[in-house]
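Written out below as structure tokens is the structure these notes cover.
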Amino acid sequence: MKNYDYKKIEQKWQKRWEDSGIYKISENSFVGLGYVRPKYYLLDMFPYPSGDGLHMGHTESYTSTDVLYRYKKMKGFNVLHLQGFDSFGLPAENYAIKTGVHPKETTRKNMETYIRQMKSLGFGYDFENKVVTSSPEYYHWTQWIFTKFFEAGLVYKKTDRINWCDSCKTGLANEQVEDGRCERCKSEVIQKNIPGWFFKITDFSEELINDLKDLDWPEHTKKNQINWIGKSDGAEIKFKILSLRLKSEISKIEVFTTRPDTLFGVTYCVLAPEHKIIEELKDSIENWKEVNEYLEKTKRKSEMERIEGKEKTGIELKGIKAINPANKEEVPLFIADYVLAHYGTGAIMAVPAHDERDFEFAEKFTLSKICVINPHSYMGTLPGDSLLDATEKTKKNLEKIQKGEVVYVYDGVLINSGKFDGMSSDEAKKAITEFVGGKITKKYRLRDWSISRQRYWGAPIPIVYSPSGEAYTVPKEHLPWLLPEDVDFIPTGTSPLIKSKELKERTEKIFGKGWTSEVDTMDTFVCSSWYYLRYPDPKNEKEFCSKEKLKQWLPVDLYIGGAEHTYMHLLYARFITKAMKKIGLLDFSEPFLKLRHQGMVLDKDGVKMSKSKGNVVNPDDVVGRFGADAVRLYIMFAGPLEDDVIWNENGVVGLSRFLEKVWKLQFLLSIDIKEPNDLKIEKITHKTIKKVGEDLENLKFNTAISQMMILVNVMEKESGLNIKNYKLLILMLAPLAPHITEELWDILGNNQSIHLSEWPKYDESLAKDDKINFVIQINGKVRDVIEVDVDINENKARGLAEKSENIKKLIEGKEIKKAIFVRGRLLNIII
RNA sequence: GCCGCGGUGAUGAAAUUGGUAAACAUGCGCGACUCAAAAUCGCGUGGGAGCAAUCCCCUGAGAGUUCGAGUCUCUCUCGCGGCACCA
């Protein structure tokens with residue numbers, strides 16, 4: 001074969017790999033070799049098998065892991081790198097509603113497409129060991145984990161206001177609401193009071209924050225998780241409620257505050273409209289009619305309207321007062337929807353002088369403000385202020401703060417606070433809390449994970465109810481608790497399973513007459529929260545994964561996937577791991593030791609690809625036109641993995657040319673081994689092995705490729721390329737371009753697949769430059785560059801510098817004040 | 001508003017982590033081959049001055065630290081991502 005025919009080559013090898021099963025995971029590689037070779041668990045975020053097929057984002061991240069998989073294997077690691085499908089979910093169900101095709105069928109077809117596409121890109125997955133979340137063999141164990149959580153009290157049922165998408169006709173977790181809209185269909189989310197199951201993720205809030213510090217994850221991902229969990233240190237303080245009519249204490253409310261040091265500045269208190277105590281206070285509230293109207297009005301508002309209408313609303317509860325425990329003062333009590341029922345205690349003490357929201361509310365309802373914090377260290381400077389200005393401004397700002405004209409939300413020194421005057425905020429937080437008998441505590445904004453979905457295509461929640469309505473888990477011997485097939489998909493807001501005759505009969509047959517089954521299915525995020533525990537043992541029918549295999553493979557060494565999963569999938573998966581550890585199913589508490597995100601693949605104008613914009617690039621199309629190897633190389637070369645990649649076909653040309661050059665080098669091979677340029681080529685080859693190895697370890701695919709380009713350019717230009725160095729190049733390129741390298745390897749007379757070869761070792765003495773360009777600077781400016789031995793010392797360098805014509809001219813007659821010598825780099829002469 | 005990330009040629013980017021800014025690639029220009037075109041190969045390609053050797057300026061703006069700053073510090077600015085009435 002003379003020409004590089006990528007089509008032929010790629011098809012040929014894809015078929016041979018398939019036939020020989022070189023990517024198959026044998027029982028051996030699961031267990032036996034693990035003790036000899038170090039393990040490496042490499043994980044992709046598995047795809048949802050959508051009807052659109054693989055997209056370019058998948059192409060990028062799966063290429064990166066495929067490169068690493070091949071590289072690590074060549075380096076002698078026993079690598080676990082499997083693929084699966086997150087195959088439960090709404091699109092297949094919605095498609096079924098439209099067309100009547102069962103989701104099972106749609107899913108099967110889509111998975112086939114995905115697998116075909118992944119193979120066409122040359123990915124070395126063993127698809128016989130794929131994990132499919134919608135298969136009974138898999139959701140068996142999703143359900144089993146649920147039952148274990150149930151036994152351990154980590155899951156519970158409650159009727160609560162939850163996020164509800166009226167278009168998808170299902171409840172949503174807090175994490176699945178974006179901007180008040182459904183994460184999937186973007187329609188507005190409303191609040192609905194319905195029963196549902198919850199995972200106690202909040203039990204792990206503290207751990208979920210603390211354990212992040214030992215993980216090799218991108219900083220911003222950690223920060224986002226910490227933010228999402230939203231820890232606040234503060235105090236709970238009780239306020240007595242006084243009835244003016246009865247002139248006596250009728251109840252108490254507890255407020256949560258992060259600023260107990262401002263307690264003396266409280267001028268009113270606020271309850272969330274949903275606060276339970278309101279009902280209890282009803283008889284003492286003189287303006288109940290108006291209050292009730294307000295409550296009704298807020299109930300009708302969606303969460304979004306409440307947030308959007310930033311204008312504060314509320315109503316005072318006439319006839320009752322709250323008593324500030326610090327100074328026994330009576331302050332008015334309000335209901336206002338800027339206070340959220342589900343955070344803290346659903347009640348706050350308002351300090352308008354030191355809290356922006358309270359300030360705004362107080363302005364609107366003309367309530368008084370008391371300044372209790374003196375900003376001792378607050379300069380109040382604005383950028384560009386001169387110092388004099390600043391002092392003036394500080395004075396003015398201070399006055400304004402003290403008169404309550406502006407809010408001051410930072411720490412300071414206490415004033416107007418009785419015996420606490422003069423204390424710092426920090427000290428006062430503790431002292432005042434103690435003084436009023438409050439309790440120092442922490443609150444989190446994280447809410448328990450609502451997992452009930454009123455839809456069909458998901459894992460059935462394995463719960464049955466006795467005739468009296470008591471919930472029991474489906475016993476192990478009846479798992480998997482199969483998803484019935486005799487259902488109508490049309491969503492009505494109650495789960496389609498309710499109409500299944502088969503499920504009804506099955507339940508009664510097993511548990512007895514009058515028993516009913518839970519009809520909701522689980523959030524698909526539950527399924528995707530543990531799949532990485534299944535990969536080591538995908539066909540185990542007795543356990544979710546054997547103890548030995550868990551021990552051998554987990555935790556995951558490197559996880560690569562999109563950043564959009566920061567606080568959904570990644571948080572849930574961490575929670576599931578911790579919960580499973582707590583009940584003794586696992587002996588590690590973090591699933592993913594190292595995490596990296598790939599960027600987005602954008603169109604040539606840098607615009608996000610979307611169907612509606614019609615700018616979607618299809619992997620099939622580009623693989624057809626450029627070949628898998630060129631596509632793989634381009635997408636790795638275009639920039640750092642974590643940056644966005646612009647898909648520019650002009651750019652792919654460069655990589656095709658590169659492969660063409662690599663191909664043509666086979667015809668330049670010198671018969672005579674001892675050519676004069678031999679050493680030159682050999683040296684740069686070894687330098688390249690070193691650099692490419694380091695770059696691949698650090699996921700710097702782009703610079704690894706450019707180094708190989710440099711090597712190829714030298715091999716092409718200098719005569720005397722020998723087969724030894726050419727082989728080294730092919731080996732290095734093998735993880736990135738598996739097809740062309742396999743073909744060349746074969747042409748060069750090797751019988752075994754290049755992908756079973758060892759990664760080449762470099763010779764340190766060859767990889768090292770012996771001559772370098774040494775820079776001579778005068779006063780920090782480059783004035784000459786000379787070629788010298790790498791290990792040149794200062795004296796020699798100075799000697800050479802003084803001999804340089806350029807330098808001589810410039811230093812003539814000047815006094816050299818000093819010279820800075822940097823080994824192997826430069827000499828800087830200061831005159 | 002808060003948190004995080006970023007701004008380098010025409011373009012994608014690189015820069016040994018404080019040491020020659022722009023490697024590698026695309027594009028563009030000129031040339032070779034060709035009847036011609038494509039492909040391929042060669043040379044050039046940050047801006048400015050000069051016939052030239054060479055010199056000056058240049059990493060969003062401004063300051064600072066340093067012999068030396070794309071890299072560190074501060075201020076500002078623009079862009080992106082996330083959170084957002086969480087007390």
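Every chain is numbered from 1, with letters handed out A, B, ... down the list of sequences. What you are looking at is a predicted structure, and each value in this text was computed from that prediction instead of being measured.
- For the residue pair A:Thr298 and A:Asp337, no side-chain donor N or O sits within less than 3.5 Å of a side-chain acceptor on the partner.
- A close approach under 4.0 Å does not occur between any side-chain nitrogen or oxygen of A:Arg657 and OP1 or OP2 of B:A39.
- One finds a salt bridge joining A:Lys439 and A:Glu236 here, because a Lys/Arg side-chain nitrogen approaches an Asp/Glu carboxylate oxygen to under 4.0 Å.
- Nearest nucleotide to the A:Lys781 side chain, out of B:C41, B:C24, B:C56: B:C56.
- Picking from B:C56, B:C67, B:U26 the nucleotide with the shortest atom distance to the side chain of A:Arg783 gives B:C56.
- As judged by a 4.0 angstrom heavy-atom cut-off over every strand, A:Asn713 is placed among residues touching the sugar-phosphate backbone only.
- Looking at the side chain of A:Ile830, the nearest of the listed nucleotides B:A87, B:C67, B:C41 is B:C67.
- A:Arg823 has no carboxylate O lying under 4.0 Å from a charged side-chain N of A:Glu794, or vice versa, which leaves the two without a salt bridge.
- For RNA chain B, if you chain together Watson-Crick or G-U pairs that step i with j, i+1 with j-1 and so on, the runs of at least three with distances under 3.5 Å are B:1-7 with B:77-83, B:10-12 with B:24-26, B:27-32 with B:40-45, B:46-49 with B:54-57, B:60-64 with B:72-76.
- Relative to the six-membered ring of A:Tyr338, A:Lys312 meets both conditions, a distance below 6.0 Å and an angle of at most 45° to the axis.
- In this structure, A:Lys664 does not pair ionically with A:Glu716, as no charged nitrogen and carboxylate oxygen lie closer than 4.0 Å.
- Taking the six-membered ring for Trp and the full ring otherwise, A:Phe361 and A:Phe359 have centroids separated by 6.0 Å or more.
- Residue A:Lys222 is classed as having no contact, given no heavy-atom separation below 4.0 Å to the nucleic acid.
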Exercise. If the sugar-phosphate is the primed atoms plus P, OP1 and OP2 and the base is the rest, what is the B/S/- string for nucleotides 10-20 of chain B, using protein heavy atoms under 4.0 Å?
Worked result: --BSSSB--BB
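- Between A:Lys680 and A:Glu718 there is a salt bridge, with a side-chain nitrogen of the basic residue lying less than 4.0 Å from a carboxylate oxygen of the acidic one.
- Taking the P atom of each, B:C24 and B:U45 are spaced 12 Å apart, rounded to whole Å.
- Residue A:Ser232 places at least one side-chain N or O under 4.0 Å from the OP1 or OP2 atom of B:A87.
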